[in-house]
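First the proteins, then the strands, lettered A, B, ... as listed; each starts at 1.
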Number of protein chains: 2
Amino acid sequence: MVPNAPEPPPLSRRERQILDIVYARANATAGEIKALMSNPPSDSAVRSSLRILEEKGHVKHKQDGARYVYLPTVPRKRASRSALRHLLHTFFDDSAEDVMAALLEVRSPDEDELARMRELIDRMRREEKDR
Amino acid sequence: MVPNAPEPPPLSRRERQILDIVYARANATAGEIKALMSNPPSDSAVRSSLRILEEKGHVKHKQDGARYVYLPTVPRKRASRSALRHLLHTFFDDSAEDVMAALLEVRSPDEDELARMRELIDRMRREEKDR
DNA sequence: AATGGTCTGCTGATTTTTCAACACTTTCGG
DNA sequence: CCGAAAGTGTTGAAAAATCAGCAGACCATT
């Protein structure tokens, strides 16, 4: 048993799928979530899973007329950093450089985006110099 | 129903945890996997899950004396690109630049690593110019 | 008011996942 | 050689996940 040892993911398969859709969209109704699924279960199955996600604290809902709009409880930014850390550790030996290489390969950014990415690095280097 | 709509993750919670450990280490015995888990189940529970992962085709084993050493069937590089794409889509609206910003924040690379990352970008820019 | 469509909440049946006990085999150390 | 430790393979029970049917509520239209 090792400190910081991985716990199993907290969400089941369907829960994970649904929460990912909610994060990708920023918010979603049950109907929207269902429409975004390939081979979706019934309406009520989607709704049951959302209710469980809410009980577990991963989403909350706002009333929109008669409908519920579901939102993630953990802000996207925070969840994204956590997911990124997990990715770094699992597949990239915690190396930022290796993720970057993969990123460039996967996304093939255009000239403008490359320039902006370069500027992010330069800005951080400047900040490190000021330290 | 939308083209490229997300499927639920193919692995259950415990399966996911175990496969992530196998990827992080490159290979592992059942005993090693168990040792790396917080609050692990019994030996035989870990082994059962590994056997199911193997039946599902996610890992294979090599015999090492009396012991099995488990390896991922999908190469780490390929799995990492797939995971990165999913991360991009779920949390970053498919923006490489946004992932980079998160990466810099999460990892706080040192001067050497920043320089190497910058060089990756510059190399890609050169390649784009040659196109 | 009646009707149809869309929604929520609940429930129990079914399926999947998780688990550990146990039998057996192999390896290691005294 | 023997016993203990470490390993594999199997199995069935318990727990968790998944599902859809259904009742009722809400909204829009006729």
Give each protein N/O atom lying under 3.5 Å from an N/O atom of nucleotides 11-18 of chain D, with the pair distance.
from: D:dT18; atom 1: OP1; to: A:Arg13; atom 2: N; distance (Å): 3.4
from: D:dT18; atom 1: OP1; to: A:Arg14; atom 2: N; distance (Å): 3.0
from: D:dT18; atom 1: OP2; to: A:Ser12; atom 2: OG; distance (Å): 2.4

Specify the separation, in whole Å, of atom [atom1] of [X] and atom [atom2] of [N].
X	N	atom1	atom2	result
B:Asp64	C:dT26	CG	P	15 Å
A:Glu7	C:dT18	CD	P	14 Å
B:Ile33	D:dA6	CD1	C1'	15 Å
B:Glu55	C:dT17	CD	P	12 Å
B:Leu50	C:dT17	CG	P	15 Å
B:Glu54	D:dG9	CD	C1'	12 Å
A:Asp43	D:dC26	CG	C1'	15 Å
A:Arg16	C:dT17	CZ	P	17 Å

Side chain of A:Ser44 only, please: which of D:dC22, C:dC7, C:dT27 is the nearest?
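Closest nucleotide to the A:Ser44 side chain: D:dC22.
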Starting at the 5' end of DNA chain D, which residue's closest nucleotide do you reach first, A:Ala66 or B:Tyr68?
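Of the two residues, B:Tyr68 wins.
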Between A:Arg16 and A:Asp20, is the closest basic N to carboxylate O distance under 4.0 Å?
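Looking at A:Asp20 and A:Arg16, the cut-off is met.
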Does the distance from a Lys or Arg side-chain N to an Asp or Glu carboxylate O, for B:Arg126 and B:Asp122, drop under 4.0 Å?
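No, this pair does not count.
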Kindly give the heavy-atom pair with the smallest separation between B:Val22 and B:Leu71, and that separation in Å.
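The pair with the smallest heavy-atom distance is CG1-C, 4.0 Å.
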Supply the atom-to-atom distance B:Thr29 OG1 to B:Arg67 CZ, rounded to the nearest 0.5 angstrom.
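Rounded to the nearest 0.5 Å, the OG1-CZ separation comes to 5.0 Å.
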Look up atom CD1 in A:Ile121 and atom CE in A:Met100, then write down how far apart they are to the nearest 0.5 Å.
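Here the rounded value is 5.5 Å.
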Do B:His58 and B:Glu15 get their side chains close enough for a donor-acceptor pair, meaning under 3.5 Å?
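No.
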